[in-house]
Amino acid sequence: MTWLSRRPAGRRLLINAATIAVLLAVAVLGYSVSNRQETIADEAQRAQQLAQAAQQVKFRAADFNGWQTAYALDIIRAVPGAADDSSASRAKFLDAAARFDRELNALETMSAPSAATETINAVRAAFNEFMTVDRKVVQLYRTGDAADRTAASELVLGREIELYTQIASGCDATAVMSASTVNTSFARLEAVGATTRRYIIMLSIVAAALALIGAVLAEARQRAVAERAREAQRMASLGQLAGGIAHDFNNVLAIILNYTDFVAEHVSAEARDDLAHIRMAAERAAGLTAQLLCFIRHEAVRPEIMDVNAAIAEAHAMLARTLGEHVELVVMPSPTPLKIRADAGQIQQILVNLAVNARDAMPEGGTLVIAANAVDLEENQADVRPPVKGGRYLQLLVTDTGAGMPPETVARIFEPFFTTKPKGYGTGLGLATVFGIVTAAGGSIDVCSKLGIGTTFRLYFPVAEAPDDSESTNPAASAVPHGNGQRILIVEDEPALGASIARILAAGGYQVQTAVSGPDALAVHACDGCDLLIADVVMPDMSGPRLAEILHRTHPRLPVLYVSGYIDGILGPNRLFTPGTEVIEKPFTAGQLLAAVGKTLAKAHKNDGVSADPAGPAEGQPYAPA
């Protein structure tokens, strides 16, 4: 600022005043914009809360409507006292209606646009009329007169359905209007932010060059974060797509494998050899699907005691087809069997991620070595991150003869979204994923790289003690359980697959019935009941968990075995199922299916306190319809 000292005092004062005015303008603009954004954000938050409350009300409406249907069915079935307020299903309905009334009261107290308020008032009016009609229905049922019961049934199937439709539609409309308000608010926030950035840039140029540089850097960082978020969202979408394709493909493979076995039972030895080739091809396809799924499993991790040599062999089979002829792949498994506790799919994912990075570092060709051996590490071993305890470890080594990396790059390679590849060719998530998998398994990583020579990754995993497998070698323990006439209801929307499952179970000593949808299964169960429900997880109209939930309302001890072509994302906390849920993955063999059925029935009988043969039906057939 020495140039200012040579200016006349009046001019310096003018420049200083102008500078102060610009800074004050920036401050006032920042305060004004911040206040405006807070106001808009509050509006968006209130609209979002309104939408969530509307969805909660709709959920409660579905709940009390379901229980209303349940007690109406009890009345139709002539269950004693079904029309009384103290009956199980009627009491549940009244409790659900009370909860709906409380949720609706909470919704009515929220600030809402006039159109949403009118819709909520309409929902309230429809609900009040619904309850009035329901009381009239119960009074008609209680008379016992045939004409009154017919009139009550007409009200249930007519006016009550119309009123419930109005309630559900009103809740949907409120949620849609609230979501529209949220979107509008966020659009206004984005517009305010864009306008603010332009003003700040102009004023910062006048105020100081440093302020301009800071604004440009901040803008660049914001774009980078948004780009990373979009990339992560794109990868998540690809994972969901792959999961859906895997589900359908595993359905097809299950049909091919099971029907191949059926045909093999009735053909000549020469034809059985041909069928064996078909089975091998289908099993290979199933293996390829499993390898695909290992790249999209993020939370459904199932660690187990595994032989690392087997994982290396599977990865070798896949990498040999994908790396290209210009890369020489050398695999050196451990000379002695080594066990670690990890997810086998994740170990393969590590090897593939490192191998693909090595291939990209050798565009002109080179050598990639994957080796495994046992090493002893000291406490706080140097050059490994994170530090590890001293002891016996498996060393998984992946080394290439590529271009190598400078030290500053090596220091950052495990940072999420850090990549040295051109835009569109790398996400910066591969090595971050590798680091997360290794550390989650209690391991550590050492990286050594030199420019022009190559890169070596040393991954260390704690050696695990192999479990006692005496039971698995016992022929009696591994025998496939045989049924004893238990009734099994199979619900599978793929008819050919459902038929194959029924055929396997019928041959295994069970009585089977099939359904192709949830509503169809409810009708079959209402007539005949069952001792075990086998249901596909994903089905149109009604999912397997939803079907089980409905049946458990009246038959809470009914055991369920779920069938899924894509199990990732449905196990664990906040998922469809808990880890204790019985699930079998497609494709499966007849032996695997029979073993899963026997295990599920035995577990259910143990929970019921039955000490007899678990293959036999429970005494009194507790899962039959009332």
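- Taking each heavy atom of P540 and D493 in turn, the nearest pair found is CD-OD2, 3.6 Å.
- In this structure, T600 contributes its side chain and A596 its backbone to a donor-acceptor pair below 3.5 Å.
- At least one side-chain heavy atom of I255 sits under 4.5 Å from a side-chain heavy atom of E494.
- Taking CE from M306 and CD from Q346, the interatomic distance works out to 10.5 Å, rounded to the nearest 0.5 Å.
- Screening V352, N353, L354 for a side-chain contact (heavy atoms from CB on, under 4.5 Å) involving V356 leaves a single residue, V352.
- Tested against T456 for a side-chain contact (heavy atoms from CB on, under 4.5 Å), the candidates D446, L397, V398 yield a single pass: L397.
- Using a 4.5 Å heavy-atom threshold, the side chains of I445 and Y460 count as separate.
- Atoms CG and OG, from D536 and S543 in turn, are 10.0 Å apart once rounded to the nearest 0.5 Å.
- Counting heavy-atom neighbours within 6.0 Å of E408 CD, excluding the residue itself, gives a total above 12.
- Using modelled atom types, no side-chain atom of T399 and backbone atom of V369 make a donor-acceptor pair closer than 3.5 Å.
- The shortest distance between side-chain heavy atoms of L329 and V331 falls below 4.5 Å.
- The side chain to side chain contact (heavy atoms under 4.5 Å, CB included) search around T455 returns D400, M405, V447, S449, F457, not counting sequence neighbours.
- Proximity of S444 to F435: side-chain heavy atoms (C-beta onward) are nowhere separated by under 4.5 Å.
- For the atom pair CG (D307) and CD1 (I340), the distance works out to 9.0 Å, reported to the nearest 0.5 Å.
- Closest heavy-atom contact between A374 and R392: CB-NH2, 3.4 Å.
- A heavy-atom distance below 4.5 Å is found between the side chains of Y562 and P545.
- The backbone N or O of S334 lies less than 3.5 Å from no partner atom in the side chain of N373, so there is not a single donor-acceptor pair.
- Using a 4.5 Å cut-off on side-chain heavy atoms (C-beta onward), E582 and K599 make contact.
- The two residues G544 and A535 have their closest heavy-atom pair at CA-CB, 4.1 Å.
- To the nearest 0.5 Å, atom CG of residue L319 and atom CD of residue E314 are 11.5 Å apart.
- Between T401 and I453 there is no side-chain heavy-atom pair separated by less than 4.5 Å.
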- So R359 and L368, side-chain contact (heavy atoms from CB on, under 4.5 Å) or not? Walk me through it. CA-CA 8 Å; R359 179 200 62 189; L368 172 63; over 6 Å; no
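- Distance alone, capped at 3.5 Å, is enough to place a donor-acceptor pair between the Q592 side chain and the T589 backbone.
- Closest approach of P335 to A372, counting heavy atoms only: CD-O, 4.1 Å.
- Within the 4.5 Å cutoff, the side chain of K586 has heavy atoms near those of the V563 side chain.
- How far CZ of R458 is from CG of L377: 11.5 Å, rounded to the nearest 0.5 Å.
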- Item | Verdict with supporting geometry, Q395 and L459, side-chain contact (heavy atoms from CB on, under 4.5 Å) | CA-CA 6 Å; Q395 176 181 258; L459 285 64; over 6 Å; no
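- Of all the heavy atoms in A116 and T174, the pair that sits closest is O-OG1, 4.3 Å.
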- Worked verdict on I370 versus M332 for side-chain contact (heavy atoms from CB on, under 4.5 Å): CA-CA 6 Å; I370 300 176; M332 295 184 292; over 6 Å; no
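- Here the closest heavy-atom approach between residue N309 and residue P333 is recorded as OD1-CB, 3.3 Å.
- K389 meets the side chain to side chain contact (heavy atoms under 4.5 Å, CB included) test with E379, Y393; sequence neighbours excluded.
- The line from CG of L593 to CG of L561 is 7.0 Å long, rounded to the nearest 0.5 Å.
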- Task: Decide side-chain contact (heavy atoms from CB on, under 4.5 Å) for L394 and K339; before the verdict, give the C-alpha distance in whole Å, the side-chain angles of both, and the deciding distance to 0.1 Å.
- Result: CA-CA 8 Å; L394 160 73; K339 305 288 186 179; over 6 Å; no
